[in-house]
Amino acid sequence: MSSSMVKITIDGKEHECDSSLTVLQACEEVGIEIPRFCYHDRLSIAGNCRMCLVDVSPGPAKPQASCALPIASGMNITTASPSVRKARKGVMEFLLINHPLDCPICDQGGECDLQDLALSYGFDRGRFIENKRAVSEKYMGPLIKTIMTRCIHCTRCVRFANEVAGIDSIGMVGRGESVEITSLEKTIDSELSGNVIDLCPVGALTSKPYAYRARSWELEKTDSIDVMDAVGSNIRVDSKNGKVMRILPRLHEDVNEEWISDKARFSCDGLACQRLDRPYVRDEKKELVAVDWQEALSRTATSILEAKNRIVGLAGDHSDLESMYALKKMLLALGIDGFDTRQGGACYDPGFRHGYLFNTGIGNVSRADALLIVGCNPREDAPVVNARIRQGWLQGNLRSAYGIGVACDVSYPCNWISDSSSALLEIASGKDRLGVFATLNAAERPMLLLGYDALERKDGKEIWKLCGKLAEKSGMIGEDWNGFNMLHRTASAVGACEIGFNRRENGINPLLVSMAKGEVDVAIVMGADEFDLDSLEKCFTVYIGHHGDRVAQVADVILPSAAYTEKSGMWVNLEGRVQMGFAAVAPPGEARADWRILRALSEHLNVVPSWNSLQELRVALWKEHPDLRELDGVLQADWHSLGDVVSRKEGLHATPIVSRCKNYYMSDPISRASSTMAECTRARRELREKDKAA
């Protein structure tokens with residue numbers, strides 16, 4: 001037996017457990033359920049609900065709260081003695097003194113911990129005849145609906161806000177019977193606020209957009225992958241009668257743990273608004289008219305064939321691997337190699353796999369002891385990753401954090417040095433006045449986050465190479481640690497690099513220039529809406545997309561496609577992890593999955609591919625890129641130099657690094673169509689204005 005293991009007895013059976021565990025954790029480890037309300041694996045221990053009582057000897061004669069009691073050698077634990085059962089029934093009676101009997105109208109019904117534990121551990125009658133206490137509702141913004149009379153003061157929401165989200169918007173006021181959870185009538189200013197809904201063990205905090213829309217047992221549940229950022233959070237899509245009702249997180253320890261961003265959770269109402277459900281072509285009067293698929297595909301094929309090689313292909317932020325691969329193979333069969341996904345023109349060389357990956361791995365972020373942020377706001381670009389960084393700071397691992405770019409609140413102490421790329425050059429030379437290089441070099445596990453605010457500049461390629469050089473010089477690259485990380489914003493970026501869809505060093509900028517000059521006759525735009533539309537004025541535009549967003553307004557042909565919840569597909573997250581999502585609902589009207597549209601278009605172009613089904617398409621993809629066959633696996637990239645760095649005079653620009661993301665809540669066609677995201681935008685704007693006035 002190792003020194004870290006101790007022998008204890010649980011319900012008459014001897015077990016060997018890690019000495020760092022609490023009694024509750026030890027019981028769970030050996031398969032014994034302990035009821036709880038306040039305890040949560042990822043939050044600090046509060047010990048205030050007293051539902052997890054067990055008998056412990058040697059020790060006090062009365063039952064003890066197992067969540068806050070460390071195990072010790074020789075401890076004898078009884079989890080179901082008469083005294084424990086009586087104590088738990090007493091606790092449940094106290095919890096229900098003021099809890100309203102409104103289960104029939106509560107959105108938590110069917111998923112409520114209080115219901116489940118009252119059935120299993122509660123008393124069959126109540127002995128209190130006093131009137132129940134009523135508590136006024138609290139405003140927490142457009143996402144969280146509060147019915148605070150139901151609250152049992154477990155403080156999970158308070159601890160999540162303080163520890164994970166890094167905000168002080170939720171707290172407890174009052175004493176004794178007058179205690180209340182409150183937000184002081186302010187919007188919860190966090191990109192992770194919706195997770196308190198999952199944490200609440202009763203119906204005190206529920207989803208405001210989802211209120212009274214469905215019951216849990218009426219919903220069809222489908223596993224999928226979030227595409228609102230590049231993290232690849234595992235989600236569950238709940239649907240009813242062919243409509244997406246809500247999106248919830250799925251547990252994945254190495255990616256999102258059990259959290260998801262508010263945009264991933266709440267933007268789903270945009271899936272039903274402004275949808276394209278039939279093909280359209282622009283007539284002689286420059287007006288879009290509805291046509292059948294045959295006519296739309298024929299019109300598209302004619303324009304492509306007449307254009308010969310003057311064609312480009314642009315894929316959007318949500319594009320899956322299969323769709324991009326199908327578009328790439330179709331264009332290559334036509335002799336065209338102009339295609340990309342980086343709509344902002346991010347400058348990096350896709351030929352360097354280690355140069356575009358999040359090499360540290362999301363699960364290792366909390367181990368970093370020094371951090372340099374360059375040109376990004378991780379709190380908005382990847383909220384779940386930012387929560388991991390904060391976790392490392394809370395655990396005492398992260399001791400120093402510096403930032404270059406637009407100063408922002410990242411929820412942990414960060415010294416924002418400058419908004420100029422010259423500061424990065426100073427640090428890389430090892431002669432910076434603040435000693436950032438010395439701090440990174442002395443750290444055991446230093447980490448660098450390079451974002452799109454820096455890459456989407458004219459000197460983005462030099463910044464990328466400079467960050468690579470800094471990583472090499474400061475000891476970020478080792479045998480068991482790689483601290484160089486690209487923080488992508490879009491779900492399609494890494495997958496496009498993996499299959500060779502991103503072919504250039506500076507995104508779609510050269511393609512846009514060619515289009516603006518009239519050197520391109522046809523632009524095939526697959527779900528891309530974030531680039532300069534002026535470049536489309538001189539070319540025939542074919543839009544394959546699911547929302548009537550920006551490009552659909554100027555397109556000559558519209559081919560309606562399926563959104564991510566309406567098709568099965570694979571996505572590669574920022575660390576290079578291949579994940580698969582499944583169709584939860586059918587596309588509206590005549591819309592079809594992107595790969596089906598491209599398969600039909602290929603026939604009209606006489607470049608018929610070898611595959612006829614999604615599985616055959618995947619087999620062809622895996623044959624060409626065998627590393628993508630392993631689902632949920634991350635293939636590490638070997639490090640080598642990203643290239644020589646030129647001097648500041650020749651390569652770097654003096655202009656400040658500015659934020660490219662103007663509105664976190666409305667950054668793509670789905671979120672722009674979401675009324676919930678519009679409400680969040682309004683609420684955040686009002687909150688910021690009030691803070692400025694104060």
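Computation of the quantities below employed the complete heavy-atom set of this structure, encompassing side-chain atoms and omitting hydrogens, waters and symmetry-equivalent molecules. As the structure is a computational prediction, the values presented were derived from the model and not from experiment.
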Close side-chain approach of [X] to [Y], heavy-atom, < 4.5 Å:
X: H488; Y: V494; result: yes
X: N573; Y: F358; result: no
X: R156; Y: C38; result: no
X: L199; Y: C157; result: no
X: T22; Y: S66; result: no
X: K186; Y: L687; result: yes
X: S561; Y: I597; result: yes

Between [Y] and [X], does any NZ, NE, NH1 or NH2 come within less than 4.0 Å of an OD or OE carboxylate oxygen?
X: R672; Y: D529; answer: no
X: E322; Y: R618; answer: yes
X: D223; Y: R236; answer: no
X: R592; Y: E566; answer: no
X: E689; Y: K692; answer: no

Query raised in the report: Hey, mind stepping through K263 and S674 against side-chain hydrogen bond (donor to acceptor under 3.5 Å, both in side chains) and telling me if it holds?
Result: CA-CA 10 Å; K263 189 159 58 174; S674 166; over 6 Å; no

**Report entry** Check against ring pair (Phe, Tyr, Trp, His ring centres under 6.0 Å), F128 and F94
**Finding:** CA-CA 9 Å; F128 294 88; F94 276 111; 5.8 Å; yes

Counting N and O atoms only, with roles assigned by atom type, does the side chain of [X] sit under 3.5 Å from a partner on the main chain of [Y], one being a donor and the other an acceptor?
X: S319; Y: A315; answer: no
X: N386; Y: V410; answer: yes
X: R50; Y: G47; answer: yes

For the residue pair [Y] / [X], report whether a side-chain donor-acceptor contact shorter than 3.5 Å exists.
X: N195; Y: R265; value: yes
X: N377; Y: S659; value: no
X: Q553; Y: Y543; value: no

Query raised in the report: Step by step, would you call V384 with D229 a side chain to side chain contact (heavy atoms under 4.5 Å, CB included)?
Result: CA-CA 10 Å; V384 172; D229 55 32; 5.7 Å; no

To check you understand the geometry: which heavy-atom pair defines the closest contact between [X] and [Y], and what is its length?
X: Y452; Y: A493; result: OH-CB, 3.6 Å
X: R275; Y: P588; result: NH2-CD, 3.4 Å
X: Q108; Y: C200; result: NE2-O, 3.0 Å
X: S261; Y: L192; result: CA-CD2, 4.1 Å
X: I260; Y: N234; result: CG2-O, 4.2 Å
X: I197; Y: L143; result: CD1-O, 4.0 Å

Would [X] pass as a cation-pi partner of [Y], given that its NZ or CZ must be under 6.0 Å from the six-membered ring centre and within 45 degrees of the axis?
X: K89; Y: Y121; value: no
X: R125; Y: F123; value: yes
X: R390; Y: Y412; value: no

Query raised in the report: When you look at Q274 and H546, which way does the side-chain hydrogen bond (donor to acceptor under 3.5 Å, both in side chains) test go after all the steps?
Result: CA-CA 9 Å; Q274 301 179 15; H546 41 75; over 6 Å; no

Report task. Could you walk me through whether D668 and R550 pass the salt bridge (charged side-chain N to carboxylate O under 4.0 Å, His left out) test, one step at a time? Result -> CA-CA 10 Å; D668 60 87; R550 300 175 69 239; over 6 Å; no

Report task. Show your reasoning for whether salt bridge (charged side-chain N to carboxylate O under 4.0 Å, His left out) applies to R215 and E218. Result -> CA-CA 5 Å; R215 286 296 198 180; E218 300 174 324; over 6 Å; no

Report task. Run the numbers on R684 and E191 for salt bridge (charged side-chain N to carboxylate O under 4.0 Å, His left out), then give the verdict. Result -> CA-CA 11 Å; R684 173 170 281 190; E191 296 75 21; 2.7 Å; yes

Query raised in the report: Any chance the rings of W571 and Y564 have centres within less than 6.0 Å?
Result: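 No - the distance between ring centres of W571 and Y564 does not fall below the 6.0 Å cut-off.
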
Report task. State which residue, out of I188, I167, I144, fulfils the side chain to side chain contact (heavy atoms under 4.5 Å, CB included) condition with S183. Result -> I188

Query raised in the report: What do the steps show when you test D317 against S492 for side-chain hydrogen bond (donor to acceptor under 3.5 Å, both in side chains), and what is the final call?
Result: CA-CA 5 Å; D317 297 347; S492 62; 4.9 Å; no

Requested in this report: Take atom CD of E185 as the centre, draw a 6.0 Å sphere, and report whether it contains more than 12 heavy atoms from other residues, nucleotides or ligands.
Outcome: yes

Query raised in the report: After noting the C-alpha distance and the side-chain angles of D632 and H252, does the key distance pass the side-chain hydrogen bond (donor to acceptor under 3.5 Å, both in side chains) rule?
Result: CA-CA 10 Å; D632 204 39; H252 195 305; 2.8 Å; yes

